[in-house]
A.B. asks: 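To start, I am sharing the structure in question, which I have written as structure tokens.
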There are 2 protein chains.
Amino acid sequence: MAESQDELSNIAESLKSLGLTKYEALVYIALLKVAGATATEIHEISGVPRASVYPVFDRLIQKNLVSVSNTSPKRFDAMPPEEGISNLLASIEDNAQEAKKVLSDIFSQRIGVERGTQELIWSIYGLDNIHIRISDLVHHAKQSIRIFCNMQFFTPGMIETLEASGENIAIEIIVDQWTGDVPRNLKVLIKKAPIGHGIDNKIITGGVFLFDCKRVMVIMGPQNEGLTGLYSESDGFVRFFSSYWRFFKDWARK
Amino acid sequence: MAESQDELSNIAESLKSLGLTKYEALVYIALLKVAGATATEIHEISGVPRASVYPVFDRLIQKNLVSVSNTSPKRFDAMPPEEGISNLLASIEDNAQEAKKVLSDIFSQRIGVERGTQELIWSIYGLDNIHIRISDLVHHAKQSIRIFCNMQFFTPGMIETLEASGENIAIEIIVDQWTGDVPRNLKVLIKKAPIGHGIDNKIITGGVFLFDCKRVMVIMGPQNEGLTGLYSESDGFVRFFSSYWRFFKDWARK
DNA sequence: CACTTGTTGTTCTTGTTATAACAACATTTA
DNA sequence: TAAATGTTGTTATAACAAGAACAACAAGTG
């Protein structure tokens, strides 16, 4: 009964992403604590207005998270969370599956590829999104991956992704330091590089990622928030950063 | 480009359950059709007001479903749906995982079991929910399962569930007819039973399900909507339907 | 018995938030 | 300049949150 308010609202958030409302989450959580409770008891435990408890129960019953007794007063019981959540998730996964199928279909018939997409430079915002996209690019690389950035970028997950890439892909990394083991398939050059400047009391990070000498991702910006990635398949863009890479590789070898 | 309006709104629904709003869904779908489109083009295809397109794009970009070019006018591009949806789903699954963990914890410390839960009769509404619950009960059965209802109940999924239950569980079924193969582990008695009456032009369905002679589920009501299931572990309830079962079994053998 | 008290379930308002929809404007671009 | 683009507000709308009010009923009390 000693959940921190913080943790409780954290779970409420998780449940919301599963399609529950705030009240639904609170009522369900309260009901997990007391088997066969009445509406009034749940109202007292959860803090949800007593009148609101009833429609909330209706919805939870529809979602098969709760059952009612036919006694008077009504008593409510929660499904075990393992099963309840699995049921919720299952229906979402069904939807995702369905959506994937139809949308992939639409995607495969897309038009406008002739419009020189490859000449454009695309922006990606946020560290998480950049990580996702780079993981993606790593997965799709066929021959070579070249990375030039500082160690902060190499989260355990990212190292794992690189480690799991095809064996016949040459991965070269120039980095300011390396903590932990270096996976066998990585060729790491360590050199304190002039990237990562401090401006306005913020640490500015930079990084260049080349895939198969055809695709480039450049990242720049403050460390945590507002990080921007630029992605391009443009010839000029790729050429520019290829020579940028070659320059720093020579420099790092000294 | 010939998706029925129905199918399109169907997908929009699916995407909503993945956390997208109506506009986000419409814009994303439109963007899948045209690579590297401008805001105005998307506005025309999707029917979303032009001014609304920009904030919608911002949100889609945050969710890593869309990237922007740095040209003028801005051009937008959709992530392949396979990856985009997987990313969305992954974060929901993380939440579900997290929620399961914490809620199971709360659930295991629940109080009030002494309150004679087993004497109550619980209601479950809707065919889908009843199917889920019965599948659940089948999974947890240890010794015997006894079913008395008509064939409509035995969907392919339900038959599969029964077939996959433990080998040392005795499963006896009394049913009005059986279409398809009878799985080896089921003992089926076929007999046109006086359940399934027609009242008010609606077909009324009934069914009795006994698990380990300890738990009973009774279903009744119109076939599709408004179907109600009653579940109980109450001694009296179980006894009543046990003799109900015995009576029909004798009758079915004649 | 009439009367109070408390509980339960339902029905209505009111406030609040997140989208949705649109008008208006400044800025580009051709 | 005319058209297209991007941004900023304002107003609607719908869902949810929050609580007030009420009828029905059961249990206790004089």
Side-chain angles (χ1 to χ4, degrees), chain A residues 5 8-9 12-31 34 36-63 65-77 112 115-116 120 122-123 125, chain B residues 8-9 12-13 15-31 34 36-63 65-77 115 120 122-123 125:
Chain A
Q5 218 54 21
L8 205 138
S9 68
E13 273 308 307
S14 296
L15 289 176
K16 271 192 216 171
S17 85
L18 288 164
L20 300 196
T21 68
K22 187 180 163 190
Y23 278 8
E24 284 165 5
L26 289 174
V27 166
Y28 183 58
I29 292 170
L31 195 54
V34 187
T38 65
T40 305
E41 285 170 331
I42 291 304
H43 145 67
E44 282 161 355
I45 297 172
S46 66
V48 172
R50 197 175 60 85
S52 300
V53 162
Y54 295 95
V56 167
F57 270 132
D58 289 345
R59 284 177 265 159
L60 288 176
I61 288 165
Q62 283 309 317
K63 288 172 181 158
L65 290 172
V66 165
S67 35
V68 224
S69 78
N70 52 354
T71 56
S72 173
K74 291 181 184 173
R75 288 189 176 275
F76 301 89
D77 202 23
R115 222 188 315 217
L120 297 178
W122 303 93
S123 306
Y125 301 114
Chain B
L8 205 138
S9 67
E13 273 309 307
L15 290 177
K16 271 194 216 169
S17 85
L18 289 164
L20 300 196
T21 67
K22 187 180 160 191
Y23 277 8
E24 284 165 5
L26 289 174
V27 166
Y28 183 59
I29 292 169
L31 194 55
V34 187
T38 65
T40 305
E41 285 171 327
I42 292 305
H43 145 67
E44 283 161 354
I45 297 172
S46 66
V48 172
R50 197 176 59 84
S52 300
V53 162
Y54 295 95
V56 167
F57 270 130
D58 290 343
R59 282 176 266 158
L60 289 175
I61 288 165
Q62 284 309 316
K63 288 173 181 160
L65 289 171
V66 164
S67 35
V68 225
S69 78
N70 54 354
T71 55
S72 173
K74 291 180 183 173
R75 287 190 176 276
F76 301 89
D77 202 23
R115 220 187 317 216
L120 297 178
W122 303 94
S123 305
Y125 301 115

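Naming: A, B, ... by sequence-line order, numbering from 1 per chain. These numbers come from a predicted model, not from an experiment.
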A.B. asks: Heavy-atom nearest nucleotide on DNA chain D for B:Ala39 versus A:Thr21: which residue maps closer to 5'?
C.D. replies: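 Nearest nucleotide further toward 5': that of B:Ala39.
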A.B. asks: Just one of B:Leu65, B:Thr21, B:Leu20 clears the side chain to side chain contact (heavy atoms under 4.5 Å, CB included) bar with B:Leu15, so which one?
C.D. replies: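 For B:Leu15, the side chain to side chain contact (heavy atoms under 4.5 Å, CB included) check succeeds only for B:Leu20.
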A.B. asks: For the CG atom of B:Leu31 and the CD atom of B:Glu41, what is their distance to the nearest 0.5 Å?
C.D. replies: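 If we round to the nearest 0.5 Å, B:Leu31:CG and B:Glu41:CD are 10.0 Å apart.
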A.B. asks: Hey, does the side chain of B:Ser46 reach the backbone of B:Leu26 with a donor-acceptor pair shorter than 3.5 angstrom?
C.D. replies: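 No; zero donor-acceptor contacts below 3.5 Å.
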A.B. asks: Going by the rule salt bridge (Lys or Arg N to Asp or Glu O under 4.0 Å), which residues pair with A:Lys22 if we only count those two or more places apart in sequence or in a different chain?
C.D. replies: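 If we apply the salt bridge (Lys or Arg N to Asp or Glu O under 4.0 Å) test to A:Lys22, skipping adjacent residues, there are no hits.
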A.B. asks: Working note: B:Val66 + B:Val27, criterion side-chain contact (heavy atoms from CB on, under 4.5 Å); need CA distance, chi angles, decisive distance, verdict.
C.D. replies: CA-CA 10 Å; B:Val66 164; B:Val27 166; 6.0 Å; no
A.B. asks: Could you tell me if the side chain of A:Val68 sits less than 4.5 Å from the side chain of A:Phe57, heavy atoms only?
C.D. replies: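 When only atoms from C-beta onward are counted, A:Val68 and A:Phe57 do not touch, as no gap falls below 4.5 Å.
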A.B. asks: Identify the pairs formed between an N or O of the protein and an N or O of nucleotides 26-29 of chain C at a distance under 3.5 Å, and give each distance.
C.D. replies:
from, atom 1, to, atom 2, distance (Å)
C:dT29, OP1, B:Ser72, OG, 3.0

A.B. asks: What residues, two or more places apart in sequence or in another chain, satisfy salt bridge (Lys or Arg N to Asp or Glu O under 4.0 Å) together with B:Arg50?
C.D. replies: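 In terms of salt bridge (Lys or Arg N to Asp or Glu O under 4.0 Å), with neighbours along the sequence ignored, B:Arg50 is linked to no residue.
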A.B. asks: Report the C-alpha distance between A:Trp122 and B:Asp77 in whole Å, list the side-chain angles of each, state the deciding distance to 0.1 Å, and finish with yes or no for side-chain contact (heavy atoms from CB on, under 4.5 Å).
C.D. replies: CA-CA 9 Å; A:Trp122 303 93; B:Asp77 202 23; 3.4 Å; yes
A.B. asks: Any side chain to side chain donor-acceptor pair (under 3.5 Å) pairs touching residues 53-63 of chain B, not counting sequence neighbours?
C.D. replies: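 Pairs touching residues 53-63 of chain B that pass the test: B:Glu24-B:Arg59, B:Glu24-B:Lys63.
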A.B. asks: What is the first contacted nucleotide of DNA chain D and what is the last, in 5' to 3' order, if contact means an atom lying under 4.0 angstrom from a heavy atom of chain B?
C.D. replies: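 On DNA chain D, the outermost contacted nucleotides are D:dT5 to D:dT8.
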A.B. asks: Hey, can you pull the residues of residues 47-54 of chain B with a non-hydrogen atom under 4.0 angstrom from DNA chain D?
C.D. replies: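 Those residues whose heavy atoms fall under 4.0 Å from DNA chain D, taken from residues 47-54 of chain B in numerical order, are B:Arg50, B:Ala51, B:Tyr54.
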A.B. asks: Is the backbone N or O of B:Gly36 less than 3.5 Å from a side-chain atom of B:Arg75, with the two atoms forming a donor-acceptor pair by type?
C.D. replies: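 It does hold such a pair.
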